[in-house]
Chemist: 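One structure coming up, written as structure tokens, with questions to follow.
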Amino acid sequence: MRLVTWNVNSIRLRLDGLRRINEEWRPDLVCLQETKVADPLFPREALAEMGFAHLAVLGQKGYNGVAIASRLPLDDVHSRSWCGRDDCRHLIATVGGIDVHCLYVPAGGDLPDPEVNDKFAHKLAFLEEVTAWFATVDPARPMVLMGDLNVAPLETDVWSHKQMLKVVSHTPVETGRLAALQASAGWIDAVRQFIPPEERLYTWWSYRAADWQASNRGRRLDHVWVSRPLAPRLASAQVVRQTRGWQPPSDHVPVIVDIRPI
DNA sequence: ATGGTGGATGCTCCA
């Protein structure tokens, strides 16, 4: 089974990109973040034409929004809300006996100080709540957690570890909270099973760079994690870097993981 | 130290 996660930054502007991904990589299931559209306006038909007969959406006007598109039936579709907000960041479905969590963690604003930046405080509280909840989930279940986690955990997940230590997405408090989330249900970083942690790897490049490829100041913000029972079934992982150069591009690129059948 | 771009929206917020 081929799984893809992609922060599309508007699904309606990324339909051609998704068609290209679909034709070239043939995913069985796609988790989308930042769909930026209310559910009645979601382009359901376009995804059905790509072969995604099963679709779960959780969107709102203008901001956030997640979706799961699948060739295989989705069971027990539901969502969770965190920090007392209904901001469309966590969608859950079961496919082929695997619980799929599509997650969009708050970006956290600019200043990495929860005392002066409410968005950063929200991000930290969000990670803490999700962690506490996953600690109550049975880690023996086959589960996948995929999405834009908005944290680059490893030194090799940013262009400059030293310069990024005070930049939101790579501060010690965030990488610490992400490590706690990873430990909560014994999650395994599927991508780093195939691309060694010593190797630099990014999934996001800012729109603000004059030349994203030349400066290459990326971050690995998008992740695919699996629970212990799925670890022996991991077959491959890849980051589709070249989509950053497609027109019009998302600032995030897709991450693909293949899981063998039992 | 600063501003840079892109998306949705509606004269600004968010990333």
Side-chain angles (χ1 to χ4, degrees), chain A residues 5-21 31-44 46 57-67 81-90 102-114 116-127 146-153 157-160 162-171 174 177-178 202-223 241-255:
Chain A
T5 182
W6 194 15
N7 177 323
V8 287
N9 189 15
S10 169
I11 184 59
R12 289 176 289 185
L13 275 188
R14 222 62 66 202
L15 284 174
D16 280 338
L18 191 59
R19 285 186 191 101
R20 256 179 104 170
I21 287 289
C31 285
L32 303 168
Q33 301 86 37
E34 281 206 90
T35 52
K36 290 187 172 178
V37 64
D39 294 347
L41 296 176
F42 194 99
R44 292 178 157 269
V57 296
L58 178 68
Q60 64 189 86
K61 186 177 176 178
Y63 308 112
N64 309 324
V66 287
S81 59
W82 304 105
C83 303
R85 307 188 192 196
D86 292 319
D87 53 359
C88 303
R89 295 178 180 275
H90 191 175
C102 179
L103 188 65
Y104 175 48
V105 173
D110 288 330
L111 292 170
D113 180 351
V116 298
N117 175 6
D118 290 343
K119 292 177 192 168
F120 194 69
H122 177 223
K123 182 179 196 175
L124 297 182
F126 185 100
L127 287 167
M146 52 207 307
D148 176 4
L149 305 188
N150 264 317
V151 179
D157 291 336
V158 291
W159 65 277
S160 166
K162 195 179 168 196
Q163 285 181 253
M164 288 289 297
L165 279 170
K166 290 180 179 174
V167 175
V168 171
S169 71
H170 194 62
T171 63
E174 290 169 274
R177 298 253 168 143
L178 198 73
Y202 313 137
T203 65
W204 175 90
W205 291 261
S206 171
Y207 282 127
R208 297 179 190 179
D211 183 335
W212 70 274
Q213 230 165 348
S215 59
N216 196 27
R217 295 187 170 189
R219 308 175 195 173
R220 187 170 73 108
L221 303 178
D222 303 272
H223 301 273
R241 178 186 172 103
Q242 62 266 36
T243 69
R244 185 62 179 79
W246 292 359
Q247 294 302 323
S250 170
D251 45 354
H252 295 254
V253 302
V255 181

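Numbers restart at 1 for each chain; the letters A, B, ... are given by sequence-line order, proteins then strands.
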Chemist: Who are the side-chain hydrogen bond (donor to acceptor under 3.5 Å, both in side chains) partners of A:Arg89, not counting sequence neighbours?
Modeler: A:Asn64, A:Asp87
Chemist: Taking atom C1' in both B:dC14 and B:dG4, compute the distance separating them and give it to the nearest angstrom.
Modeler: 16 Å
Chemist: Could you work out, with side-chain hydrogen bond (donor to acceptor under 3.5 Å, both in side chains) as the rule, every residue matching A:Tyr63, not counting sequence neighbours?
Modeler: none
Chemist: Please state the P separation for the pair B:dT5 and B:dT9 - nearest whole angstrom.
Modeler: 22 Å
Chemist: Going by the rule side-chain hydrogen bond (donor to acceptor under 3.5 Å, both in side chains), which residues pair with A:Arg19 if we only count those two or more places apart in sequence or in a different chain?
Modeler: A:Asp16
Chemist: Just by modelled atom types, is the A:Pro249 backbone N or O under 3.5 Å from a matching donor or acceptor in the A:Tyr207 side chain?
Modeler: yes
Chemist: More 5' along DNA chain B: A:Asn7 or A:Ile11, using each one's nearest nucleotide?
Modeler: A:Ile11
Chemist: For the P atoms, the ones on B:dA8 and on B:dT2, what distance do you get once it is rounded to whole angstrom?
Modeler: 31 Å
Chemist: With a 4.0 Å heavy-atom cut-off, tell me which residues in residues 203-212 of chain A come close to DNA chain B, sorted by residue number.
Modeler: A:Tyr207, A:Arg208
Chemist: Does any donor atom in the side chain of A:Trp6 or A:His252 lie under 3.5 Å from an acceptor atom in the other side chain?
Modeler: no
Chemist: With rounding to whole Å, what would you report as the distance between B:dG3 and B:dG7 at their P atoms?
Modeler: 22 Å
Chemist: Quick check against the 3.5 Å criterion: does A:Ser169 have a side-chain atom that pairs as donor or acceptor with the backbone of A:Ala152?
Modeler: no
Chemist: Could you tell me whether A:Arg14 contacts a base, only the sugar-phosphate backbone, or nothing, with contacts defined as non-hydrogen atoms closer than 4.0 Å?
Modeler: sugar-phosphate
Chemist: Nucleotide range of DNA chain B contacted by chain A, 5' to 3', under 4.0 Å to a heavy atom?
Modeler: B:dG4 to B:dA15
Chemist: Roughly how far, to the nearest 0.5 Å, is the CD atom of A:Glu174 from the CG atom of A:Leu165?
Modeler: 11.0 Å
Chemist: Return the set of residues passing side-chain hydrogen bond (donor to acceptor under 3.5 Å, both in side chains) with A:Arg241 (not counting sequence neighbours), or none when no residue passes.
Modeler: A:Asn216
